[in-house]
2 protein chains.
Amino acid sequence: MALKVKADFQKVKKNRIFQDVVDQIQEAILNRTLRPGDMLPPERELRETFNISRGTLRESLRVLEQKGLIEIRLGTGGGAMVKNAGTEQLTETLGLMIRSGTLSVQDIGEFRQGIEGQIARLATRRATPEDIAILEDLVENARVKTSQGAVEAFLDIDQAVHKEMGRIAGNALYQYAAQVVHDNIRKYYDNFLDFTQKRMEENLLDLQRIVKAMQDQQPREAARIAEQHVSRFNERMLKKESLGH
Amino acid sequence: MALKVKADFQKVKKNRIFQDVVDQIQEAILNRTLRPGDMLPPERELRETFNISRGTLRESLRVLEQKGLIEIRLGTGGGAMVKNAGTEQLTETLGLMIRSGTLSVQDIGEFRQGIEGQIARLATRRATPEDIAILEDLVENARVKTSQGAVEAFLDIDQAVHKEMGRIAGNALYQYAAQVVHDNIRKYYDNFLDFTQKRMEENLLDLQRIVKAMQDQQPREAARIAEQHVSRFNERMLKKESLGH
DNA sequence: CTTTTTGAATGGTTAAACCATTATTATGGT
DNA sequence: ACCATAATAATGGTTTAACCATTCAAAAAG
């Protein structure tokens, strides 16, 4: 953990003082004057630097914290630490939009379908022989779990395959999108406590066919199967939901 | 604008009091006890309701504001108004991730390409004859602007076509994704001050071919052309960027 | 009836103090 | 010397009470 950093902050003037302070600290973080892991000075010190009251400074820190730019810890040696910009905020905001009815679960499932298809397509184009080998190992592992009837282990591997394909696709935004969507739809999928042997075999076949298509350099085919794969989840989910009414 | 609403708030206890207050108000908004347009009581009143200090309450309000759940206005009749959950927060967060280097412009361009393709595909499947007619009108309008050499007007219509197709696709998440990505990439596209007559004709042809594919019920073809359409922007953008180095 | 003035309601800010949590340091027993 | 415990200090969390700044509406002036 790095020590405090001097960042040449300036005194404020605008309408909402705390906003001005937010802007200054955010700018320092985004232009790498402050880097992930750096600690901001203690509140009582920052207060003097900006020449504002502690209350106003704390409003600024709340905003930065909510933006995901800093993380605040208690006690001696605590304080505000600069964070890596991650997906938590995207995930949370999307979750808010779902809960507030702005988005439907169906929308998200359909979106996920397209995203996973595109990832499969890009991954097929960009996969190296080593990448394919990794996927083959995972799928072989999944085959073993399937023959053992180990549902939980199979689902873990299924997820690992999706994650690995995201890496191979080589586009961070697709990876984030897949993760955010998955995190927000997981609680609906989790109603699949009746994940039977037959379903497991269906899904295993999907994985095998996707990797085969990647080996054969058939991006369109890989995308098609990946979409179908997600589609199967979506259909079950929607059927369950309609039964719940 | 609705009046104040009674929402049965409870007194607090947790570690971070302001977080507990955030949770309670957020819950009231998400379960529709508080609806968009409703005003929260004034700070001095909320303060008493929760039995906390005004400073702590204001930290809560800052967080809710940053989440996009409320909007705060000054002066008599001002206060905290419940907001519709929109895309501003997604747009801002994505912007932060770009600026902090977590995402590259190339990633976003490629993502946009896939999104617009999927929208074109879905829109083709779901378009009614009336929808097609609207698109035809827009494209005809674009043709006129092209023949007049009216670049700005053409770009406005191009955007309107994309927006309309998003509506036809019927998936709010795809629409949001397209908007968020577009908002974050616009400043890079805006370097196209050299949008020539030839480019305009190229793009007009794309639009005409997309609508044709939709009429012919060819979702794959529509998606392919839409992707190509975006791809053309991306290539120019990347070429510009590399020249800038 | 229109314009101007005034006042009240509301968010924005300050100040100084105290509380709660945590890591470090000092203490004391073995 | 070592380990467990207690004291200490640094830091964020909270409270209180006051005052400032902005806005809208009602009262006053013309």
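No experiment lies behind these values; they were computed from the predicted model shown. Note on naming: letters A, B, ... go to the chains in the order of the sequence lines (proteins, then strands), and numbering restarts at 1 for each one.
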*Asks:* Kindly say whether A:D131 contributes a backbone atom to a donor-acceptor pair with the side chain of A:T128 at under 3.5 angstrom?
*Replies:*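 Between the backbone of A:D131 and the side chain of A:T128 there is a qualifying donor-acceptor contact (under 3.5 Å).
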*Asks:* More 5' along DNA chain C: A:G78 or A:E59, using each one's nearest nucleotide?
*Replies:*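 The residue closer to the strand's 5' end, by nearest nucleotide, is A:E59.
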*Asks:* Indicate, with a heavy-atom threshold strictly under 4.0 Å, whether A:L61 touches base, sugar-phosphate, or nothing.
*Replies:*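 It contacts nothing in the nucleic acid.
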*Asks:* Between A:E48 (CD) and C:dA15 (P), how many Å, whole number?
*Replies:*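 Between P of C:dA15 and CD of A:E48: 11 Å.
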*Asks:* Does B:S53 make a side-chain N or O approach to OP1 or OP2 of D:dT15 shorter than 4.0 Å?
*Replies:*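 Yes, within the criterion.
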*Asks:* Report the distance from atom CD of B:E43 to atom P of D:dT16, rounded to the nearest whole Å.
*Replies:*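 Atom CD in B:E43 sits about 16 Å away from atom P in D:dT16.
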*Asks:* Using heavy-atom distances to pick each residue's nearest nucleotide on DNA chain D, tell me which of B:L57 and B:R44 is more 5'.
*Replies:*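 In this pair, the answer is B:L57.
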*Asks:* Side-chain N or O of B:R73 versus OP1/OP2 of C:dG11: is the shortest distance under 4.0 Å?
*Replies:*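 The answer is no; no side-chain N or O of B:R73 sits under 4.0 Å from OP1 or OP2.
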*Asks:* How would you label the contact of A:R47 with the nucleic acid (heavy atoms, under 4.0 Å): base, sugar-phosphate, or nothing?
*Replies:*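 Here A:R47 touches no strand at all.
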*Asks:* Mind calculating the distance between CD1 (A:I52) and C1' (D:dC19) to the nearest angstrom?
*Replies:*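 From A:I52 CD1 to D:dC19 C1': 18 Å.
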*Asks:* Could you pull out all residues at least two apart from A:F111 that satisfy ring-ring contact (aromatic ring centres under 6.0 Å, His included)?
*Replies:*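 Partners of A:F111 under the ring-ring contact (aromatic ring centres under 6.0 Å, His included) test: B:Y174.
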*Asks:* Can you confirm whether B:Q106 is buried at CD, in the sense that more than 12 heavy atoms of other residues, nucleotides or ligands lie under 6.0 Å from that atom?
*Replies:*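 Not buried by this count: 12 neighbours or fewer within 6.0 Å.
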*Asks:* Given D:dG13, is OP1 or OP2 found less than 4.0 Å from the side-chain N or O atoms of B:T56?
*Replies:*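 No, B:T56 has no side-chain N/O under 4.0 Å of OP1/OP2 on D:dG13.
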*Asks:* Look at the side-chain N and O atoms of A:R54 and state whether any lies under 4.0 Å from the OP1 or OP2 oxygen of C:dA15.
*Replies:*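 Checking A:R54 against C:dA15: no side-chain N or O falls below 4.0 Å of OP1 or OP2.
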*Asks:* Salt bridge between A:R54 and A:E48, side-chain N to carboxylate O under 4.0 Å?
*Replies:*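 No, A:R54 and A:E48 are not salt-bridged.
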*Asks:* Among the nucleotides D:dG12, C:dG12, D:dT15, which one has an atom lying closest to any side-chain atom of B:I17?
*Replies:*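 Of the options given, the side chain of B:I17 lies nearest D:dT15.
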